[in-house]
Amino acid sequence: MLAAGPCGSGRSSLLNHAAAGAVDDRVLKPDLLNVAWRGGLVPALAAELDCQPERQAVLRALRSRRTAVLLDDLEYAFAPTLAGVRRA
């Protein structure tokens, strides 16, 4: 699900509601404004999963049990370009 809209439109509230109602074993909601995000998506997820900040370690941890990952404030995580997305 992608929630898009202007500031104050309720996107974060929608994600918080989704997190509260999630039936997955584990719900992760990394803080995109946190320092961990400066290194990209993999280190931020690794911090949430308490694993090594390597792609394979994150994938193993995510696959170990059913997980929902909710990403809020994504506009702060990377530049809104194809190159920015690839770096994330």
Response to the item:
So CG of L59 and CD of E54: to nearest 0.5 Å the spacing works out to 11.5 Å
Discussion item. When you measure from the side chain of T67 to the backbone of R65, do you find a donor-acceptor pair of N or O atoms at a distance under 3.5 Å?
Written reply: yes
Worksheet item: Which heavy-atom pair separates S64 from R26 by the least distance, and what is that distance?
Response: OG-NH2, 3.7 Å
Discussion item. Less than 4.5 Å apart, side chain to side chain, heavy atoms only: is that true for L28 and L70?
Written reply: no
Worksheet item: When rounded to the nearest 0.5 angstrom, what is the spacing between CG in L49 and CZ in R60?
Response: 11.5 Å
Worksheet entry | Considering all heavy atoms, the nearest P53-P43 contact | CB-CA, 4.1 Å
Worksheet item: Does the side chain of V69 come within less than 4.5 Å of K29's, by heavy atoms?
Response: no
Worksheet, complete the sentence: Tightest non-hydrogen contact, residues P30 and L45, listed as CG-CD2, 3.8 Å
Practice prompt. Name all residues meeting the side chain to side chain donor-acceptor pair (under 3.5 Å) criterion together with S12; count only those two or more places apart in sequence or in a different chain, and write none if there are none.
Written response: D72
